[in-house]
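These notes concern the structure reproduced below.
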Amino acid sequence: MSFGKGCNLHLIDGSAFIFRAFHALPPLTRKSDGLPVGAVQGFCDMLRRYVGTDHGDFAPTHLAVIFDKGSHTFRNDLYDLYKANRDEMPEDLRPQIPLTRRATEAFNIACKEVEGFEADDIIATLARQAREAGGEVTIVSSDKDLMQLVGDGVVMFDAMKNRRIDRDGVFEKFGVYPERVVDVQALAGDSVDNVPGAPGIGVKTAALLLNEFGSLDELLDRAGEIKQPKRRETLIAYRDQIELSKRLVLLDDRTPLDFTLDDLEIRDPDPDTLLGFLAEMEFRSLSRRIAETLGTEAPTIPETAPAAAAAGAPGSTEDAPPFDGTAYACIRDLATLERWIAEARDQGFVALDTETTGLNEMTAELVGVSLATAPGRAAYLPLAHRAAGDGDLFDDGALLPDQVAREDALAALKPLLEDRSVLKIGQNMKYDAKILARCGIDVAPFDDTMLMSYALHGGEHGHGMDTLSERYLAHRPIPIKEVIGSGKTQVTFDRVPIDAATTYAAEDADVTLRLWRLFRPQLHRAQVTRVYETMERPLVPVLADMERAGIKVDRDTLSRMSNAFSQKMAALEAEIHALAGETFNVGSPKQLGEILFDRMGLDGGKKGKTGAYATGADILEDLATEHELPARVLDWRQISKLKSTYTDALQEHINRETGRVHTCYSIAGANTGRLASTEPNLQNIPVRTEEGRRIREAFVAEPGRVLVSLDYSQIELRILAHVAGIETLKQAFRDGQDIHAMTASEMFGVPMAEMTPEIRRQAKAINFGVIYGISGFGLARNLRIPRGDAQGFIDRYFERFPGIRDYMDATVAFAKAHGRVETLFGRRIHTPEIDAKGPRAGFARRAAINAPIQGSAADIIRRAMVRMPPAIDGMPARMLLQVHDELLFEVAEDAVDALVATAREVMEGAADPVVRLDVPLVVEAGAGPNWAAAH
DNA sequence: GACATCACG
DNA sequence: GACGTACGTGATGTCC
């Protein structure tokens with residue numbers, strides 16, 4: 001039937017159905033794997049009831065469910081804050097969205113969406129078309145944004161209240177008829193969608209004004225005639241904003257559609273399809289009810305044992321076969337490779353692992369790739385294995401036969417690895433992604449079992465493959481040492497015989513796939529899906545790009561400094577030997593201790609464990625007030641540290657090809673969510689002393705560029721003020737006050753105007769102490785004051801800020817009750833030692849107090865880093881380094897201001913919209929030719 | 001490879 | 001009443 005007179009088109013607002021279903025029903029998960037499905041069930045039930053309802057004269061002849069698609073629409077181009085105040089979707093709702101589309105299709109109801117348009121615009125367009133064709137329209141929604149469409153054969157229907165809304169219904173709601181609804185909305189604004197409107201004008205006033213003046217244009221043109229001075233001024237001052245608001249609320253009824261009204265004709269569902277879907281979702285009573293309506297038998301849904309029983313229990317891997325190293329395939333020709341690729345493509349996911357000649361992704365060469373498609377079903381693709389060549393000059397270095405040519409293999413793999421519909425699964429995917437990026441392959445989309453484990457089990461154990469396999473699969477993978485050897489006899493992987501390599505490499509892919517099957521459903525159950533999807537996984541490509549970019553380090557600068565340090569050290573060493581009266585190794589704490597405490601007889605104690613004297617900087621500093629020798633040793637140590645760890649070692653890390661230093665960030669290394677930087681560690685480059693800071697002069701920008709540093713000011717104290725809810729501190733941050741001086745003033749009763757540096761320094765130490773889980777002993781040692789005095793400070797601090805003690809007690813209690821603490825963003829940090837006895841209890845307690853603060857700060861900068869590349873896309877700038885609360889960029893000289901503005905906005909807004917901080921985040925920026933100047 | 005030391009946030 | 005303490009990292013050199 002062609003759409004026309006006598007037809008009635010029903011348009012269901014899909015999002016409204018989903019959100020109603022989600023909020024109306026308690027959380028429900030699918031038994032077999034823990035997938036959240038409550039909203040899907042509610043959605044299906046609402047569709048069932050809607051289709052089953054007798055709509056009388058308004059019975060549908062055509063029906064569609066309309067969804068939003070894409071988060072960016074023309075409204076965002078008009079106004080970048082449009083819907084900016086929306087909370088992120090709840091994490092257990094997100095995976096259900098695609099399922100509601102499948103549900104709609106299972107009901108055989110047309111399911112429509114258009115990229116970049118809101119459902120409301122599509123509804124407006126279809127309503128117009130239907131009206132023009134002479135038919136009638138029922139919009140199934142109670143959203144006021146759709147009320148502008150009512151009238152002239154179009155009504156709305158509130159499915160929850162079973163109530164029809166016509167022109168009079170709209171008038172009831174807005175005080176105007178539908179044709180003036182947008183005018184009211186333009187004036188009143190909308191806090192839900194963040195439409196600004198005119199300040200101080202609500203729906204009532206707007207309707208009043210419009211009824212007086214007739215239309216919005218008229219009203220704005222004649223605003224001067226308004227009697228109330230406040231309203232008059234507002235309308236004149238905010239004219240632009242009001243007109244913008246109108247463009248935001250006005251629906252676009254000319255959305256391009258790739259279907260016609262005729263495509264929406266109502267269809268009966270296919271019982272097998274619909275019941276099959278409901279069975280897959282494991283909706284028992286709903287499928288019984290629907291089967292009854294359809295006059296068929298409901299399928300039996302097996303009672304599967306909850307996966308929770310299997311999850312986490314070592315050895316239990318559902319239906320997976322045991323590990324068998326002899327069962328793995330070796331891919332020797334292109335045809336075989338194509339078969340594996342087809343298999344991966346068919347099922348939509350594949351585990352992946354690369355083998356290379358070394359651990360450094362910047363220099364390592366690809367040797368082979370392994371794939372796994374099911375537990376126990378894995379293959380190794382050797383690409384660059386060479387003869388072992390111990391002594392045999394003729395075979396040495398020759399490529400072994402029967403290997404697929406590297407270029408052919410990569411050309412075959414590239415479409416698979418870049419296919420948006422095939423999920424690639426890896427363990428530490430950043431490594432593989434970097435190797436493959438050098439081969440011109442951009443792996444996406446992917447999952448990473450290491451990061452899944454980090455989100456699930458952070459704090460419980462490490463997240464390396466061997467640990468995870470032993471713990472969760474009860475299987476000890478072949479140690480790499482058994483394949484490549486160790487020490488002098490160690491070889492690179494390309495020298496490993498292909499048979500041995502196959503057993504080892506395919507096993508890694510197999511282990512990865514099995515871990516993924518285990519972890520994937522657990523993410524939802526542990527409610528860490530959002531953590532994983534927003535703060536772990538998307539960081540992988542961001543960090544990979546930063547690491548590949550590297551930072552330019554000037555070898556000559558380092559080399560000159562190194563020489564100067566050598567001379568200084570030699571002089572100091574001579575001086576020290578003279579003072580000691582004998583020569584000894586100044587770098588040996590053991591020998592130094594014997595000189596100081598045995599030969600010279602100074603005061604100082606032994607440390608229990610090894611019986612050696614402690615000669616740390618704090619002890620030497622105490623001794624240095626009386627004696628020359630420890631003072632010179634301190635000088636020597638500082639120089640020695642700078643030379644060995646920085647000026648010398650750093651030069652070794654300059655990449656031959658790029659002339660830059662490429663660090664490697666571990667995403668899952670630190671318990672709190674912080675990153676860690678290795679080989680070299682670029683997060684501990686000196687800055688605190690003048691001498692050390694000069695090392696940073698060697699970190700430079702390319703010609704025509706500068707380094708730009710942006711760092712969060714006092715981020716951890718701000719988070720503390722927020723989580724502990726300390727109003728005085730929060731207000732001080734809002735007012736931009738000196739927080740340490742403010743603390744000192746509050747504690748010691750000193751007016752801010754009379755603050756001395758010494759009092760401020762003490763308050764600063766206390767503030768830091770609080771973040772670390774303060775103890776009288778620790779503060780006493782840090783401030784070098786008697787323990788009783790330190791305890792007095794702490795007591796006074798808690799007296800003044802009782803909320804902080806409450807926060808600490810609550811955090812420790814939470815840790816004891818749950819075995820973990822959480823950051824503001826839901827990252828879980830497990831605290832297995834919290835019930836320990838003895839000194840370990842104290843450590844665990846302090847770590848538990850610190851973790852949510854340090855971890856929330858880490859989450860915030862992670863979020864900023866994930867949002868940074870799209871934000872600065874197109875600018876002549878790249879992000880190079882992260883140092884916990886600082887991001888370092890290399891930027892074209894003329895783009896510094898633009899970069900700073902954009903990056904600052906991203907960083908300061910990084911908590912939004914998941915967490916509304918009660919304190920502002922403040923970012924300080926600097927720029928210069930080198931890191932010392934930028935910081 | 002454990003330990004002490006010290007660089008950073 | 002005694003534990004023995006600031007939180008989180010990584011790299012280096014010594015010594016066993």
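The chains referred to below are lettered A, B, ... by the order of the sequence lines, with proteins before strands, and numbering in each begins at 1.
Using a 4.0 Å cut-off between charged nitrogen and carboxylate oxygen, R867(A) and E908(A) do not count as a salt-bridge pair. Of the charged side-chain nitrogens involved, none lies within less than 4.0 Å of a carboxylate oxygen, so that E573(A) and K568(A) do not count as a salt-bridged pair. Using a 4.0 Å cut-off between charged side-chain N and carboxylate O, R828(A) and E460(A) make no salt bridge. Taking a cutoff of 4.0 Å between a charged side-chain nitrogen and a carboxylate oxygen, E536(A) and R862(A) qualify as a salt bridge. A salt bridge links D622(A) with R784(A): at least one charged nitrogen is closer than 4.0 Å to a carboxylate oxygen. The pair E582(A)-R599(A) counts as a salt bridge, with a side-chain nitrogen and a carboxylate oxygen less than 4.0 angstrom apart.
Checked against side-chain hydrogen bond (donor to acceptor under 3.5 Å, both in side chains), T811(A) has no partners two or more places apart in sequence or in another chain.
For T615(A) and R637(A), the side-chain atoms include at least one donor-acceptor pair closer than 3.5 Å. Looking at H463(A) and T467(A), their side chains never bring a donor and an acceptor atom within 3.5 Å of each other. Under 3.5 Å, the side chains of D554(A) and T557(A) contain a donor-acceptor pair of N or O atoms.
Residue D711(A) is classed as having no contact, given no heavy-atom separation below 4.0 Å to the nucleic acid. Residue contacts shown for S677(A) are limited to sugar-phosphate atoms, with no base heavy atom under 4.0 Å away. Base contact: S775(A) has a heavy atom under 4.0 Å from a base atom. Within the nucleic acid shown, F843(A) comes within 4.0 Å of sugar-phosphate atoms alone, with no base atom in reach, counting heavy atoms only. When heavy atoms are screened at a 4.0 angstrom cut-off, A765(A) is found touching base atoms of the nucleic acid. R787(A) comes within 4.0 angstrom of a nucleotide base, judged by non-hydrogen atoms across all strands. Counting any heavy atom pair closer than 4.0 Å across all strands shown, G842(A) reaches no nucleic acid atom. Contact annotation for I771(A): no contact, since no heavy-atom pair falls under 4.0 Å across all strands. Residue contacts for A858(A): at a heavy-atom cut-off of 4.0 Å it reaches no nucleic acid atom on any strand shown.
The aromatic rings of H740(A) and F768(A) sit tilted, their planes meeting at an angle between 30° and 60°.
Listed by first and then second residue, the ring pair (Phe, Tyr, Trp, His ring centres under 6.0 Å) pairs involving residues 613-656 of chain A are F597(A)-Y613(A) (not counting sequence neighbours).
Across dA4(B) and dG4(C), the matching P atoms stand 15 Å from one another, rounded to whole Å. dA2(B) and dA6(C) are spaced 24 Å apart, taking the C1' atom of each and rounding to whole Å.
Screening E890(A), R548(A), M362(A) for a side chain to side chain contact (heavy atoms under 4.5 Å, CB included) involving R660(A) leaves a single residue, E890(A).
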Output one line per pair: protein atom, nucleotide atom from nucleotides 5-9 of chain B, and distance, for all N/O pairs under 3.5 Å.
residue, atom, partner, partner atom, Å
dT5(B), OP1, T615(A), N, 2.6
dT5(B), OP1, T615(A), OG1, 2.6
dT5(B), OP1, G616(A), N, 3.4
dT5(B), O3', R637(A), NH1, 3.1
dC6(B), OP1, R637(A), NH1, 2.9
dC6(B), OP2, A617(A), N, 2.7
dC6(B), O2, K641(A), NZ, 2.7
dA7(B), N3, N684(A), ND2, 3.0
dC8(B), OP1, V687(A), N, 2.6
dC8(B), OP1, R688(A), N, 2.6
dG9(B), OP2, R688(A), NE, 3.4
dG9(B), O3', D885(A), OD1, 2.7
dG9(B), O3', D885(A), OD2, 2.9
dG9(B), N7, R688(A), NH2, 2.9
dG9(B), N2, R674(A), NH1, 3.2
dG9(B), N2, R674(A), NH2, 3.4
dG9(B), N2, Q854(A), NE2, 3.4
dG9(B), N3, R674(A), NH1, 3.0
dG9(B), N3, R674(A), NH2, 3.1

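Shown for residues 799-832 of chain A: no residue has heavy atoms falling under 4.0 angstrom of DNA chain C.
The span of DNA chain C lying next to chain A, judged by atoms under 4.0 Å from heavy atoms, is bounded 5' to 3' by dG4(C) to dC16(C).
With a cut-off of 3.5 Å on both pairing distances, the Watson-Crick and G-U wobble pairs of DNA chain C assemble into stems of 3 or more at B:1-9 with C:7-15.
Within the 3.5 Å criterion, the main-chain N or O of T647(A) finds a donor-acceptor partner in the side chain of Q651(A).
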